[in-house]
Each structure stands twice: as C-alpha cells, then as structure tokens.
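Remarks on the structure that follows.
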There are 2 protein chains.
Amino acid sequence: MVTIRDVAKKSGVSVATVSRVLNANGYVHEDTRKKVMAAVDELKYSPNEVARSLYKKKSKLVGLLLPDITNPFFPQLARGVEDEMQKGGYRILFGNSDENAEKELDYLNTFIQNNVVGIISATNNKAKNNYRDLSIPVVFLDRTSTDYPSVYADGKEGGRIAAEEIVKRGSKRITILKGPAHIQPAQDRFQGALEVLSQSNIDFHVMSTTSFAFEDAEKWAKELFATYPDTDGVLASNDIVATAVLHEALRLGKSIPVELQIIGFDDIPQSSLLFPSLSTIRQPAYEMGKEAAQLLVKIINQEKIHQQQVQLPVTFIDRNTTRKVDTNG
Amino acid sequence: MVTIRDVAKKSGVSVATVSRVLNANGYVHEDTRKKVMAAVDELKYSPNEVARSLYKKKSKLVGLLLPDITNPFFPQLARGVEDEMQKGGYRILFGNSDENAEKELDYLNTFIQNNVVGIISATNNKAKNNYRDLSIPVVFLDRTSTDYPSVYADGKEGGRIAAEEIVKRGSKRITILKGPAHIQPAQDRFQGALEVLSQSNIDFHVMSTTSFAFEDAEKWAKELFATYPDTDGVLASNDIVATAVLHEALRLGKSIPVELQIIGFDDIPQSSLLFPSLSTIRQPAYEMGKEAAQLLVKIINQEKIHQQQVQLPVTFIDRNTTRKVDTNG
DNA sequence: AACATATATGTAACCGTTTACACATTTAAG
DNA sequence: CTTAAATGTGTAAACGGTTACATATATGTT
C-alpha cells in the first residue's frame, strides 16, 4: 500500500504539503503542486479513506436501510438514492431490515461504528427510539414522520384517487385489500380509500392482509374470491397483491375489466407488462430516492431546509384493468 | 462519542486491557473482565470500526458491485450475498455499475480506499484488468471466469434445455432472442440453444438484442412479430424480454401456448404471476448470491478451496407458456 | 527602510483502536 | 526452595491521514 509518506518522500516535501495539495487547501506553490501530483501519478497513490475518516470523524459513507430489496418497489428507491449520492461523492452502506427491530438496530450500529455521515431508512418499525438519540442525520423514506426529515408519497390521496376512479368507472361491490398494519403507507392508502367509499353509497368490504410477499398474495387472492365472489372492483394494497388478484381472477375465468376492475398501488416496473396491464396508483419511487438523498446531503452540509417533510404526488395510471370512463356520465 | 479510553478510565484499567476484554485475546483476569464489561454496558460503548480498520488494514466490509439493482434478477443475488455476509459479521458496500467501465473502476477504488476485505462483482465488463492487480480477493458472480473464483449458473445447459423443451413440445418455427453481446451469460444461453437447434431439423431465426431494459424489450417484441409473424416458439434471452414478447403476442391476439410457446430465462419472482404464467429456465439467484458470499468468506479466511469455480444447475420451470408434452410421442 | 501581510513549508499532535514489549505476580515443577 | 512457565496488566508505538502551530521567505505599503 502506498501512503502519503511515500508520496512526500518521492516529491521531496513533507506529508503536510502533500495533504494540502490533495485537499486543495492552505498555501502551496504551483511548482510544488506539480511535483507532488507527478509523484501521486507515478506511485498511483490514492488516499486511504479510513484514515481520513478516523481523523475527521466523518466518512463519505451513507447508510441505507430498506425493508427488503427483493420487494420490487425498493430497487427503484435504492437506485434513486445511489445515483444522487454518487454525484455528491458519497457511497452506500446497505442493509435489509426485514422490518425486524433487532436487525434494524444492528445495522444502525454498524452505520455508526463506520462513521457514516447520514442514514436513509425506509423501515416501518415501531422502534423509532432507535433513532431518537442518534447524533447522525437521518432521513426517512417511504414513511411519514412529523419529527424527522422524511420523503414519502401522498398515500392517503392515492387511496382517495383509487377509490374515486374505480367508482367513476362503475364498480358497485368493491373490496379493499388493507395492507399490513405496521406499514404506515399501507394504512394511509387504506384510509384514503375508506374515506371516499364510506361517503359514497357503494357497497364495500375490507379484507386485511398481513404481508406483501408473493406467496401470501396468492392466498389472499383466493380467499377474496371465495369470500366475496360477487366483488366487481378491487383496491389492492400494492401491485404485488393486485397482480395476484388479477392472476386468480383470470384463472377463475373472470373477464377483466368488464366483470372486475382492479387498481394496484406503486406502479412497479412489471405492472405495465402484465396482461391485461395493471391500472395503478403510481408512486415516483426513483424520484423519492433522489429526493431523500438530496435532503440528506443538504442536512449534512448544514444548508437551510425549507421543508423537513417532502411529500411527492401520486398519479393514477389508467391501464387495462379498469374500464374507460364514461364521458357522457 | 465514547471511546475505549472512557471505558478504561471508568473501569480503572488501561486501554490495552479493555481491548483484550473486547477481543477476547491475551490474558485477562475474570474480575477485571467483569469490571470492564460493566463499564462497557454502562457507557453503552461500542468500538469504532474505523480505528480498528485503520490499524488492522482490514475492515468488516465487503464490496458488492452489480450491473443494476433495478433489473429484477439482481435483488435476489444481492439478498443472497447480504444474508450470508451478515452471518459472518460482514457488511455490504454497494454499487451499481451500469456495465460502465468508468463507474466500475470508480467503485473498485472506493472499495479499496475503504479497506474492504473482499469484493463480489457481477459486472460483465471487458475491463478485467481492473481486477488484475487487486490485492483484495474477488469473487465473480453470474459471470464465468477461469482465472478468478466465480459463481454462476450453467447458462449453456440452460440454453440447451430450453431448446429441447420447446422442440419436444412441438414448435416448428422458432426465434431465438440473443441477448447483449457483452453479457457473457446471455451468450452462453444462446450458444446452448443454438447447439440444439442447429443439430435438429427445425427452422429457426436469431434476433439480436442489445439490452435487458423493460422499455427496449417491448420494441424487440414488436419487431419480432413484424419480422417473423409465423414464429410459433420464442426462446427469450431472459424473463423480462419473455414478458414483453408474451405481452405483445397477447395484444396481437395470439393464443398461448397453442399458437405460440415462450420460454424465458432466470425465473424472476414475477414470472409466476404473469397470465399465462411464464415457462422459464430457472437460475437459483438467491443461492448463487449465498454461494458467492460463502466462497469469498472462505478465501478471506484462507481456507482451502476445492473449487474455484462454482457452477450451479439450472432447471426448466414448466408453466403455462409452453404446452404439456405429449407423453405418447 | 520598516513593518505588516501574504505565501510556502515543515513538525508534531491527534483521531480510536490494536499489539509488541516490558514488567510484576502467581502457579507449577523439580 | 528455587526456577521456569503461566497469568495479568500497563506503556507506548503503530495504522495513514489532517491540521494547529511555528517558522521562513516574499511581497506590499507607508
């Protein structure tokens, strides 16, 4: 390993001067600068970030904690975070929490032990006090919070829109699939939908689900049609569940969207490739990741923050699991 | 921040003793150990990994470089790697390369600068010499290599199986969608399929594609049916492309699998949720990630390695875009 | 010419660990 | 009872950077 001392020796100056050249601070003569840079090139020197981090008590690392990268919604988020952080010269220390408090704490610990400059967390754990006495800035992602900086999509509005759109398109016996209780965004969606439907004169059922896993989703789907066979509209808790519902409905020979309309949530990439392609409420996942990263970088740089909470808009994506709206009605 | 010095002071011993307690090496009296542990608990001390890493010249960090986490095949790999590394107490420094040599080099640099103990790379870049003079162990994942440790699925065999299965099921005018030239595994699949089809007396076409992106995939699909409208069997370069083909075929009103059979590659999670669900060649992505992590950990620990190259088997997943095989014929 | 200021560079302390080495005390062995 | 080995602990030097401080020279100002 070539160190700053080797560079100093080769260029005939002190380590302090080399450091000044590398960090472009303090006075250093142009000739000296060139000599040093020549030595740097020749020796292929690149500074040890660990030593830097130790002295400065700050690394160029950012902790990213997601529930599960295997859930198709999160790669987009992760990519948004990464792309933005990359620009600022930050790198990502990554972990999956599985919404498990112990794992989460474990990762927060590693983050701290590795001197990360900031943390982006998308977990929905109740154990918020894990974050309470952190001296490192945290931004929550895909999770509402009034006391922490956070970036999220307007889930409640999404729920409202979904309900309005499915009603507008003529569903009369709607089933809302309510997502896991501990996932705040899922509850927001549900509340939004509930608000609209309860103020309408439409029949509806609520069915509670406890996970977003593929395998479970197929079970809920079967159960849904067994319990409420005359349902003609489903508001799914997310696109995975919606896909399972679609799958099951087609298996049962239902004609979509004629007999049954389905609206998902998230707009994961593969939703557009289903057949029929899935109508859904789009969350701008990539942008959410970017926004979170930008917000965190601002906080790290102690810039003035206008909005601690960034709420991004959701949009209805009108594909083929919903009927065309009757413009005469 | 509470340091080892604070613990030493509180427990009335030297830092060396505290260090010995924490690392359970060297002699330390049981009473002393207890005193120290009490102080550790009381002060909620947890060692600074950066300082440790600086002295030891080794961190507990592993670099993971993937082409693009947004491609649904990679989250599984990543998760396999993470779960296994987690067990060994290692954490993940993560990056997307976009198969871009500059980004790749950039990440390798950060990995080194941060004293990672090892690297897992799933990029297919030609710039192999980036890895040539690395003093850190590297395991390649989803990428064949004779001169480096690597973990991959048997792509060629997968290609063969796909071709055999589609022929066995009666397709007569087959189109092979050949994946991007620089992606080695894609070429292996293609070679396998080509081998079988060229030895058969079945008509087939080859169509070259240059990416695995969702948006592009739909273009290839349209082009495929415009160019070869009488195709009755498609061997897709992966499940994303297969999904696009399926989508387009349904849009054109083709009956699947009666008029057209499709076999994908990878078995990404959503393939089973398509309608009709996608027949495909399964790569055990999660296991591949785990294997790569295990191999890397072994190398790090200087254990004896029996096999530098780990090839995992692929399997045909017989779903509904292929016909049932005629057991009488 | 005298003095202040800007420029240029080096020395050494520091960041929070680990560990080589020194030293003291106990325990074991003969 | 002597001596060697095992046990227990502390001091200080690393690890590879950054920076406060000291010092020296160059430049500018009156």
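All chains are named by letter (A, B, ...) in the order of the sequence lines, taking the proteins before the strands, and each is independently numbered beginning at 1. All values derive from a computational prediction rather than experimental measurement.
- Counting heavy-atom neighbours within 6.0 Å of Gln302(B) CD, excluding the residue itself, gives a total of 12 or less.
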Show the numbers, then the answer: is there a side chain to side chain contact (heavy atoms under 4.5 Å, CB included) between Asn115(A) and Met1(B)?
CA-CA 11 Å; Asn115(A) 276 2; Met1(B) 166 176 268; 4.3 Å; yes
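- Distance Arg52(B) CZ to dT19(C) C1': 13 Å, rounded to the nearest Å.
- The heavy-atom pair separating Asn124(A) from Ala122(A) by the smallest distance is ND2-O, 3.8 Å.
- Residues forming a side chain to side chain contact (heavy atoms under 4.5 Å, CB included) with Asn301(A) (at least two apart in sequence, or on another chain): Tyr90(A), Val297(A), Glu303(A).
- Going from atom OH of Tyr27(B) over to atom P of dT27(C) covers 14 Å, rounded to whole Å.
- Checking the phosphate oxygens (OP1, OP2) of dC15(C), no side-chain nitrogen or oxygen of Lys58(A) falls inside 4.0 Å.
- With DNA chain D read from its 5' end, the first of the two nearest nucleotides for Thr3(A) and Tyr55(B) is the one closest to Tyr55(B).
- Atom NZ of Lys9(B) and atom P of dG16(C) are 13 Å apart (whole Å).
- Atom C1' of nucleotide dT11(C) and atom CD1 of Ile4(A) are separated by 14 Å, given to the nearest angstrom.
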Is there a side chain to side chain contact (heavy atoms under 4.5 Å, CB included) between Arg91(A) and Glu82(A) once you walk through the steps?
CA-CA 7 Å; Arg91(A) 301 308 157 99; Glu82(A) 209 244 44; over 6 Å; no
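- For the residue pair Glu49(A)/Asn114(B), the side-chain donor-acceptor check at 3.5 Å is not satisfied.
- When the nearest nucleotides of DNA chain C are assigned to Arg5(A) and Thr32(A) by heavy-atom distance, the more 5′-ward of the two goes with Thr32(A).
- Distance CG (Asn115(A)) to P (dC15(C)): 13 Å, rounded to an integer number of Å.
- Note that CG of Leu66(B) is 4.0 Å distant from CG of Leu64(B), once rounded to the nearest 0.5 Å.
- No engagement by Ser53(B) is indicated, since no non-hydrogen atom pair under 4.0 Å with the nucleic acid exists.
- Whole-Å rounding puts the Glu49(B) CD to dT18(C) C1' distance at 12 Å.
- Looking only at distances, a side-chain donor or acceptor of Asp68(A) sits under 3.5 Å from a matching main-chain atom of Thr70(A).
- Atom CG in Asp6(B) sits about 9 Å away from atom P in dG16(C), given to the nearest Å.
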May I have the step-by-step check of ring pair (Phe, Tyr, Trp, His ring centres under 6.0 Å) for Phe212(A) and Phe73(A), ending in yes or no?
CA-CA 11 Å; Phe212(A) 281 149; Phe73(A) 177 66; 9.4 Å; no
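- Between chain B and DNA chain D, the heavy-atom contact criterion of under 4.0 Å yields a 5' to 3' nucleotide range of dA6(D) to dG16(D).
- Of the residues in residues 13-26 of chain A, those with a non-hydrogen atom less than 4.0 angstrom from any atom of DNA chain D are Ala16(A), Ser19(A), Asn23(A), Asn25(A).
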